[in-house]
Structures are given as structure tokens and as C-alpha cells.
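Heads up, the thing below is written out as C-alpha cells.
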Amino acid sequence: MCFVQEKDYVGFATLPNQVHRKSVKKGFDFTLMVAGESGLGKSTLVNSLFLTDLHKDRKLLNAEERISQTVGITKHTVDIEEKGVKLKLTIVDTPGFGDAVNNTDCWRPITDYIEQQFEQYFRDESGLNRKNIQDNRVHCCLYFIPPFGHGLRPVDVEFMKALQDKVNVVPLISKADCLTPNEIRRLKDRVREEIDKFGIKVYQFPDCDSDEDEEAKQKDRELKESTPFAVIGSNMVVEARGQKVRGRFYPWGIVEVENQAHCDFVKLRTMLIRSHMHDLKDITSDCHYENYRGVNTFVCVCIRMYQGCVCVFGQESLEKSEGGDFKHLQTGLKHNQFESSFKHVSIGLIC
Ligand code: GDP
């Protein structure tokens, strides 16, 4: 009997271990973008999240410089290692956003940046060295909402709407220590209502698996109810209740960044690192990147040719071989001039 069992044992039950070992060896990468007005605590929060000073060399701009500099996107990469697991973390900072009086289209450089990363990935994917692709696609964008208003400002609505189909947007209420618990609750309700009202698509936490235990389900419910997370950041270590903690020291007391009674920092960190990093990456790849491929880069056009066969063209190949004829083709297609547009294209490459 024992012999039969041994013979029948194929061993694929070890597959998860193999995947685990391979993934750990390869390491992980994650790209996080922070956006919002300068001065809302973006850099401080990122430093607090990853316990590393990512902005050592940062030059603080004065008001005039901030207004003249529309959006300067900076990228910081750090390699973090924890218990032998390596994480290459890239933070994309978008300082200066929303500072000017006229904020029309101020999100354009940010959306362009995200699309450039998709484009680069698409090129790499279609290239010869597909094995070692560096994934710089933005997996999550933390959008900072100021604590001072009565909800979302028009610029917040427009910004999030401009980004919603390109990246997972996670709205945050910044500097939550400026508000009382009641004010936080009211502001959260208001922001949630406005997100619904304006049809903003923010990152949706996936539903818990039905076979998860009750504790996990409860945590999942709490996580969803806490959105938008109200966060506090600090670069300082202070002493509270006999322990050294990250916090902000005030004449009336200490605000602790990691105290769940003070803010949702721990929930945000758990979500980003422990529970939802993979989902954020999957959605980036399966939804946002696929959207990009479908709509922008791989605009596939089916044209009925005179000869009666149907061809499918990729934008890239046509642009390369026809030097702009594809643009003409696209315009023609929009105006329903299939046949006349097609005459301008001598077929370069059929995908
Ligand atoms: P950024 O321009 O959005 O990156 O903002 P910074 O991280 O440079 O922070 C701007 C100022 O706000 C600094 O003086 C920080 O010490 C302060 N700050 C950052 N986070 C918080 C917070 O959670 N609460 C309060 N009250 N101040 C904060």
C-alpha cells in the first residue's frame, strides 16, 4: 500500500514552495506615486512608511519657485530587504502640483509620465530581451487631500478623474492631526459621498475570500470602512508611554503615527505592503496596462481591403514603417473614410 502511495505521489504539492523560492530569489518591485499640493506631507509620509529617508537631497523651493515650476517629477529608488526578501521600491514624487492659481491641466505631466512607463514596458515586451524587463509602471498613486477644506476641491476631482483609468488611485486625508476625530469622520463621509457623486473610480479593495477566517473578514471590513485613510507622517522619533515611536510633539501632547487611535497610518501601510501590494500590481497589469495597450498603443484597425481580406495593423509598426500615415489613417477612420484613408497606407507589417 505504501509502495502504491509512493508511486502515485507526483509531488506537485511542492509547487507553491518552488514559486515562493523563485520569487524570493528574483525579488519584488513596486512603484508608488504620491501626488497632491506641496506641503501636504507627501515626503514625510513616504519616509514614515518605508522607514527610510528618501528625500535627503531635496531642495525646498520658495513660493515663487514653486509657482514657476509647474510639475517636476522626481523618482527615488531604494532597495529594501526584510528577512531575506528584497523589495525594489520606487517612489515617484510630483512636487508643485496644484500650487499655481491656474491649475488647468496640471495633471497632464503626471498622466504623461504614467503613459510613458506603459509605453516603455510595451516596447520592452515587444523587444528581444523580454526576460529582463524592468517594470517601471506606476502601481499605485496616493492622492493627498488637504485636511482644511469641506471635502474635495474641483482640482482634486479633476485630478483623480484624469488618473482613474491609468493607475490605482488611493485618496488620503493628509495631516490628520489637524482635525478632531469628529471632523475626520465628517470629512471622510463627505469625501466618500463626493467620490460617488462625481463618479471617481478609486482603487477598490477586492472582496475577502469566503474561506477566510472571521478575523481576516473583520479586518477587511475595517479597512474598507476607514477609507479614505486619514494619515499623519513624521520624520521624528519621540518618547511616548516609555517607548520610542514616530510621532509629532505638541505642547499639549504627542501624536503617534503608528497609533491606530490617532490615525490610519498602520492601515495604509498594511494595505500597501502586507495585504494588497500584489493586487495593486495585478490591476495595474491586467486593467490599466491592458487599457493602454488596447486604446493607445495597440490601436488595432480592421480594414476591408479592395481585395476583400481583413488586416490588422499595430500603431507602432505602422508609425515606424509609414512615418505618420497611421495618423492619417486614424483620422480617416474617425470620419468614416475607410477606403480613401487606406490608399495612403502601403502595408508595412501585419500583426
Ligand atoms: P510635501 O511637500 O507634500 O512633500 O510635504 P513635506 O513632507 O515636505 O511636509 C511639509 C511640512 O508639513 C513639513 O514641515 C512637515 O513636518 C509637515 N508635516 C508633514 N506631515 C505632517 C502631518 O501629518 N501633520 C502635520 N501637522 N504636519 C506634517
Side-chain angles (χ1 to χ4, degrees), residues 31-78 89-100 103 106-107 109-110 113 138 140-149 153 155-156 159-160 163 169-181 183-184 187-188 191 226 228-238 240 245-269 272:
T31 302
L32 182 70
M33 178 184 254
V34 286
E37 264 176 67
S38 54
L40 285 185
K42 299 188 292 296
S43 324
T44 313
L45 187 86
V46 164
N47 289 344
S48 314
L49 273 173
F50 299 101
L51 304 176
T52 162
D53 193 357
L54 286 158
H55 299 87
K56 286 191 281 289
D57 313 320
R58 183 168 173 236
K59 178 176 162 257
L60 286 177
L61 305 172
N62 62 34
E64 213 175 293
E65 287 170 319
R66 271 174 23 204
I67 290 165
S68 63
Q69 173 217 25
T70 22
V71 175
I73 293 179
T74 50
K75 204 169 122 177
H76 310 262
T77 302
V78 277
L89 171 74
T90 306
I91 303 292
V92 183
D93 202 350
T94 57
F97 158 67
D99 284 331
N103 288 315
C106 59
W107 50 85
I110 298 164
Y113 178 88
V138 182
C140 178
C141 174
L142 300 181
Y143 183 76
F144 285 64
I145 299 165
F148 319 112
R153 301 162 301 170
V155 69
D156 298 323
F159 184 94
M160 287 196 270
L163 280 192
V169 179
V170 175
L172 300 180
I173 295 174
S174 59
K175 298 191 174 180
D177 53 329
C178 302
L179 302 172
T180 65
E183 286 167 338
I184 291 181
L187 185 56
K188 279 187 176 190
V191 170
S226 309
F229 300 123
V231 291
I232 300 170
S234 169
N235 286 328
M236 267 177 33
V237 174
V238 292
V245 292
R246 270 197 184 234
R248 305 188 69 84
F249 192 75
Y250 289 107
W252 51 89
I254 288 167
V255 178
E256 295 168 47
V257 168
E258 296 186 40
N259 187 332
Q260 302 227 39
H262 294 186
C263 74
D264 300 323
F265 175 88
V266 171
K267 287 198 181 85
L268 172 70
R269 192 177 55 193
L272 279 179

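Note that the structure is predicted; figures quoted are calculated from it, not measured. Just so you know, ligand 1 is whichever comes first in the structure, and atom 1 is the first atom listed for that ligand.
- The closest side-chain heavy-atom distance from V138 to Y113 is below 4.5 Å.
- Of the N or O atoms in S43, one or more lie within a sub-3.5 Å distance of an N or O in ligand 1.
- A salt bridge does not link D264 with R269: none of the charged nitrogens is closer than 4.0 Å to a carboxylate oxygen.
- Here the side chain of S234 pairs a donor or acceptor atom with the backbone of G247 at under 3.5 angstrom.
- Using a distance-only test at 3.5 Å, with no hydrogens or angles considered, no donor-acceptor pair links the side chain of S174 to the main chain of G41.
- Side-chain atoms of H262 come within 3.5 Å of backbone atoms of E256 as a donor-acceptor pair (strictly under, hydrogens ignored).
- For ligand 1, the atoms sitting less than 4.0 Å from at least one non-hydrogen atom of I232 are 23 (O), numbered in the order shown with element in parentheses.
- C263 is linked by a side-chain contact (heavy atoms from CB on, under 4.5 Å) to I232, F265, counting only residues two or more places apart in sequence or in another chain.
- Below 4.0 Å from some heavy atom of K42 lie the following atoms of ligand 1, by number and element: 1 (P), 3 (O), 4 (O), 5 (O), 7 (O).
- Between A176 and ligand 1, a contact under 3.5 Å exists for no N or O pair.
- Within ligand 1, counting atoms from 1 as listed, the ones closer than 4.0 Å to a heavy atom of Y250 are 26 (N).
- Only the side chain of D177 comes within 4.0 Å of ligand 1, judged by heavy-atom distances.
- With a 4.0 Å cut-off on non-hydrogen atoms, F265 does not touch ligand 1 at all.
- An N or O contact shorter than 3.5 Å links L40 to ligand 1 by distance.
- Under a cut-off of 6.0 angstrom, the local environment of CZ in F249 is sparse, with at most 12 non-hydrogen atoms contributed by other residues, nucleotides or ligands.
- Checking only distances, G39 does come within under 3.5 Å of ligand 1, N or O to N or O.
- Checked against a 3.5 angstrom limit, the closest N/O atoms of G233 and ligand 1 fall inside it.
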